[in-house]
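Following: one structure in structure tokens, then a few remarks.
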8 protein chains.
Amino acid sequence: MKVYLSGEIHTDWREQIITGAEGLDVTFSAPVTDHAASDDCGVAILGPEADNFWHDRKGAQINAIRTRKAIADADVVVVRFGEQYKQWNAAFDAGYAAALGKSLIILHGADHAHALKEVDAAALAVASDPAQVVEILRYVLTGALPE
Amino acid sequence: MKVYLSGEIHTDWREQIITGAEGLDVTFSAPVTDHAASDDCGVAILGPEADNFWHDRKGAQINAIRTRKAIADADVVVVRFGEQYKQWNAAFDAGYAAALGKSLIILHGADHAHALKEVDAAALAVASDPAQVVEILRYVLTGALPE
Amino acid sequence: MKVYLSGEIHTDWREQIITGAEGLDVTFSAPVTDHAASDDCGVAILGPEADNFWHDRKGAQINAIRTRKAIADADVVVVRFGEQYKQWNAAFDAGYAAALGKSLIILHGADHAHALKEVDAAALAVASDPAQVVEILRYVLTGALPE
Amino acid sequence: MKVYLSGEIHTDWREQIITGAEGLDVTFSAPVTDHAASDDCGVAILGPEADNFWHDRKGAQINAIRTRKAIADADVVVVRFGEQYKQWNAAFDAGYAAALGKSLIILHGADHAHALKEVDAAALAVASDPAQVVEILRYVLTGALPE
Amino acid sequence: MKVYLSGEIHTDWREQIITGAEGLDVTFSAPVTDHAASDDCGVAILGPEADNFWHDRKGAQINAIRTRKAIADADVVVVRFGEQYKQWNAAFDAGYAAALGKSLIILHGADHAHALKEVDAAALAVASDPAQVVEILRYVLTGALPE
Amino acid sequence: MKVYLSGEIHTDWREQIITGAEGLDVTFSAPVTDHAASDDCGVAILGPEADNFWHDRKGAQINAIRTRKAIADADVVVVRFGEQYKQWNAAFDAGYAAALGKSLIILHGADHAHALKEVDAAALAVASDPAQVVEILRYVLTGALPE
Amino acid sequence: MKVYLSGEIHTDWREQIITGAEGLDVTFSAPVTDHAASDDCGVAILGPEADNFWHDRKGAQINAIRTRKAIADADVVVVRFGEQYKQWNAAFDAGYAAALGKSLIILHGADHAHALKEVDAAALAVASDPAQVVEILRYVLTGALPE
Amino acid sequence: MKVYLSGEIHTDWREQIITGAEGLDVTFSAPVTDHAASDDCGVAILGPEADNFWHDRKGAQINAIRTRKAIADADVVVVRFGEQYKQWNAAFDAGYAAALGKSLIILHGADHAHALKEVDAAALAVASDPAQVVEILRYVLTGALPE
């Protein structure tokens with residue numbers, strides 16, 4: 001099963017899931033999570049831009065080569081909303097994955113529940129802890145429930 | 001041409017566009033923009049929920065009947081990000097529309113440009129003023145540029 | 001908005017919805033609800049069969065010409081499960097519509113909730129009364145909630 | 001060839017098919033067939049619900065992560081209707097698979113033939129015994145008929 | 001309902017169906033049935049060819065502009081196999097329509113049944129008389145059976 | 001029948017076809033053919049760019065709102081290659097239309113035949129004169145050949 | 001590259017191609033070519049039918065499990081029309097493959113050219129000898145032309 | 001990641017990219033780049049043509065067997081426009097790939113920027129040097145930026 005881990009890049013939630021899922025038949029993918037590299041990849045490779053808008057555009061489009069393939073290939077897309085920042089790219093990925101018919105798991109704290117109600121409503125599971133995502137993957141793949 | 005107007009519901013940007021586009025061969029659609037009705041439609045129709053999470057779910061899914069059809073039918077999806085709130089449903093709609101291959105126009109102020117760079121990168125136009133959206137529609141439909 | 005009314009044919013739920021939705025911009029479609037005609041259409045038109053299995057096959061396939069077009073054309077598919085009978089064709093229609101990405105509304109009494117949980121889980125609304133379906137359509141089309 | 005085995009979970013029909021097909025180039029998949037685990041997976045992983053309806057919803061949606069991938073990946077979907085229960089999820093799976101263009105084999109006793117006529121009419125084979133399903137797979141893969 | 005009438009061009013079966021269906025909400029389409037025009041349209045419009053193979057190619061491709069649109073737009077494709085000729089284009093149309101998920105009605109005499117078994121097996125009805133096709137359309141559209 | 005007229009904007013080939021097709025049931029669409037407007041629409045509406053590359057990008061993407069809808073809606077796409085210029089956008093439109101399964105008619109002089117062989121090979125007709133395109137449309141719609 | 005070999009079953013053209021293509025990176029598939037098994041598989045596995053029409057139906061649908069998967073999986077579909085028989089299933093396969101966008105190679109003698117003009121017009125190559133099909137595969141995979 | 005290298009065949013840009021990408025998890029494909037073989041493959045395999053137009057057609061369609069599969073299988077399509085020739089097949093490939101939703105990288109010198117603005121506008125990156133394409137692939141696959 002192929003799982004794409006979208007969203008927040010400032011905590012270790014991806015590592016928790018990947019470590020927790022060891023031994024399961026899962027392949028994980030993710031965006032580039034180095035914030036500076038992700039922001040600057042466009043100009044670093046294709047040359048500088050005087051205008052920040054196009055600086056950002058060049059980078060965002062190169063990142064899209066990676067993320068669109070990862071979402072298209074995924075069976076399950078997990079989207080994590082953290083405590084900070086706008087995280088519109090996370091919500092964008094959720095919408096993109098929903099339109100492709102991917103199984104969505106949304107991961108966020110209870111305080112975001114109302115603001116994320118449209119996103120959650122497109123998901124097959126809403127979790128609040130990375131360990132729950134691991135348990136979902138374990139159950140889906142093996143039928144085993146947490147003890 | 002069918003245009004869906006997604007996003008912010010607290011300013012009159014939709015009215016500005018609809019009024020500005022009078023005389024053009026455009027049909028507009030939009031989500032229910034009455035905030036209270038949109039939040040409570042699920043329980044108002046299908047009965048109350050003790051848990052806010054399911055209160056929200058019921059409403060969000062009924063709203064999805066309207067919004068998914070509107071996006072699916074649209075040729076162009078305009079997504080407005082205002083100054084306030086998380087607006088994750090706007091970003092979700094943008095991702096959903098992008099995956100369906102709709103022509104996206106994103107409408108936001110300059111201060112949101114960096115945070116919206118992935119969303120903007122999926123768009124065919126990024127505008128800062130509703131009048132610009134009107135001019136895009138006019139040009140696309142008639143070939144006329146602003147004087 | 002095009003709405004297909006699938007399922008139970010022994011009560012007047014379709015008439016309740018169609019009457020209740022008068023004045024709304026909705027076009028309804030439905031299977032042939034004359035039980036005898038529906039069962040016998042194959043042999044009545046194409047000639048008798050000695051074997052009941054093929055008698056049924058001929059009829060079911062002619063009915064499929066009508067139902068597949070109606071589901072394919074629909075924006076919303078309402079599936080009613082009544083108190084009696086196996087109603088496997090209703091559940092089949094629900095699955096068929098779900099795979100096509102149609103907005104599903106499931107209509108059934110509380111006693112069927114557990115047996116229908118997989119079907120309900122694919123729906124955007126689960127109603128127990130035809131009047132609720134009318135209210136959903138009214139809200140989706142006009143934004144008006146029941147008073 | 002990938003074969004998904006949907007439906008009844010109270011008899012050993014899956015084991016009969018899997019054992020009978022040993023030596024053939026087939027990969028089988030199936031839903032979680034532990035009834036209690038399947039019913040409770042949602043609350044066991046994501047926390048309890050006061051209302052049975054949402055208890056069921058949480059579980060059904062997690063099960064859908066498994067079943068939708070399995071159906072989407074399958075070349076052939078076998079759906080077994082047993083002697084008991086409503087089995088609406090089996091009919092839902094059949095409709096879902098039919099809409100995706102999967103090759104359907106329906107497996108049921110003669111007494112269900114009339115009630116299943118719409119489902120059977122969407123299938124490429126209707127079998128009454130798991131051994132027949134094995135023979136179909138053997139013939140399709142090797143051209144060999146039963147002796 | 002849109003119905004494409006494919007196949008034999010040497011008898012009046014199309015007229016029988018169109019006349020019989022008067023009063024029903026059906027729009028019929030058909031290939032160009034003037035044999036000479038159909039054979040020569042390519043060279044008549046685009047200039048002569050020394051080689052019959054390319055003479056035929058030019059014509060067949062111009063005819064395909066008409067037939068592919070007609071099949072793509074159709075809800076139902078009726079394919080008539082007459083008593084004479086190879087009629088490979090009729091079988092090609094049937095396969096093309098089947099792959100697009102169109103509802104197929106095959107119309108032929110009993111003597112062709114074995115040779116057409118794969119084509120018939122993809123159809124929702126196999127008729128032997130144009131009047132039966134009319135009755136199918138009448139039933140599908142109105143629910144009325146022949147008296 | 002909907003026909004999109006792509007390519008060369010410096011001769012009156014579109015007018016010849018539209019005039020010639022008067023009386024036929026055809027709706028024509030085309031890109032904005034005012035060269036200056038087409039080049040400058042982006043900056044005229046959304047504000048100036050210091051860098052020509054982004055000046056062009058803004059304009060090309062707004063033009064894409066029009067052309068992608070027109071191609072997506074079309075039954076037939078006619079692509080004209082004139083005597084001058086690179087005309088890569090014409091070839092791009094041809095490839096785009098081919099991948100969507102549109103019926104392609106390519107219109108060019110004999111001297112371009114070898115350079116356009118891959119484009120021609122994806123077409124259902126290759127014409128050298130706008131009058132031939134009119135005759136193709138007339139034949140496809142009415143069955144009438146040129147006298 | 002996956003190649004499906006459809007059509008005539010009474011000569012050794014498949015063996016000629018498979019032998020000729022040894023060493024190339026091609027996987028071939030084919031229908032069951034044992035005429036008697038192909039005709040009788042339905043009743044041999046699922047039980048006898050009194051009526052030949054349903055005898056044929058049962059067999060044709062089981063064969064379709066094999067052929068539809070093979071065509072769906074194929075990159076290239078080769079369809080051979082021999083000297084004898086109606087071969088409507090071959091033309092049906094060609095139409096089915098064409099609608100799925102498969103690369104078609106049609107293989108037939110010159111005497112069938114006119115009758116197959118619509119089928120040939122949907123193909124990327126028309127060959128008269130199995131050795132030519134081998135050379136096409138060799139060139140497509142390696143760039144090497146016949147010496 | 002699968003990358004198709006389309007376009008110019010007279011410089012060593014493909015070799016530069018393939019060599020530069022050594023060690024990355026990429027599989028490259030390309031058209032047949034032997035100009036003479038590409039031009040003559042049709043007649044060399046299927047027999048001579050008196051008319052150059054059909055000589056070209058036969059070859060272009062055989063080449064399409066290779067290129068359509070390569071584009072359909074690709075995650076990323078790189079299209080190189082060189083200094084010379086019309087290169088309409090390159091632009092055609094770009095349009096074809098764009099319509100299939102492939103990630104496009106366009107590679108050309110600055111002097112072609114205006115003429116390629118519609119093509120560039122459909123791309124996720126516009127590079128001027130093969131080494132930049134290598135850096136994009138490296139970053140997309142590993143997250144590493146050039147030093």
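No hydrogens, no waters, no symmetry mates; every other heavy atom, side chains included, goes into these values. Per chain, numbering begins at 1; letters A, B, ... match sequence-line order. Computed from a prediction, not measured in an experiment: that's the story for all the values here.
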If contact means a heavy atom pair closer than 4.5 Å, which residues of residues 132-147 of chain H contact chain F?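 No residue falls under the 4.5 Å cut-off.
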
Which residues in residues 115-128 of chain H have any heavy atom lying under 4.5 Å from a heavy atom of chain F?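 Hits under 4.5 Å: H/Ala115, H/Leu116, H/Lys117, H/Glu118, H/Val119, H/Asp120, H/Ala121, H/Ala122, H/Val126.
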
Among F/His112, F/Lys58, F/His55, single out the residue with the greatest number of heavy-atom pairs under 4.5 Å to chain H.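 Heavy-atom pairs under 4.5 Å are most numerous for F/His112.
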
Residue among F/Ala98, F/Ala110, F/Ala72 with most heavy-atom pairs under 4.5 Å to chain H: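 Looking at each of F/Ala98, F/Ala110, F/Ala72 in turn, F/Ala98 comes out on top.
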
Between atom CD1 of F/Ile106 and atom CZ of H/Phe92, what is the distance when rounded to the nearest 0.5 Å?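 Here the interatomic distance stands at 7.5 Å.
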
When rounded to the nearest 0.5 angstrom, what distance separates NZ in F/Lys86 from CD in H/Gln87?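 So the NZ of F/Lys86 and the CD of H/Gln87 are separated by 6.5 Å.
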
Under 4.5 Å, counting heavy-atom pairs only, tell me which of H/Ala91, H/Ala94, H/Gly59, H/Ala60 racks up the most with chain F.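 That would be H/Ala91.
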
Just checking H/Asp111: does its CG atom have more than 12 heavy atoms from other residues, nucleotides or ligands closer to it than 6.0 angstrom?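 More than 12 heavy atoms, drawn from other residues, nucleotides or ligands, come within 6.0 Å of this atom.
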
F/Asp12, CG: over 12 other non-hydrogen atoms inside 6.0 angstrom: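 Enclosed.
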
Nearest heavy-atom pair of F/Asp56 and H/Ala113: which atoms, and what distance?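 Taking every non-hydrogen atom into account, OD2-O, 4.4 Å.
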
So what's closer than 4.5 Å to chain F heavy atoms on H/Ala64: side chain, backbone, both or neither?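 Answer is neither: H/Ala64 stays 4.5 Å or more from chain F.
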
Name the orientation class of the two ring planes belonging to F/Trp88 and H/Phe81 (parallel below 30°, tilted from 30 to 60°, perpendicular beyond 60°).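 Geometry flag for H/Phe81 against F/Trp88: tilted rings.
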
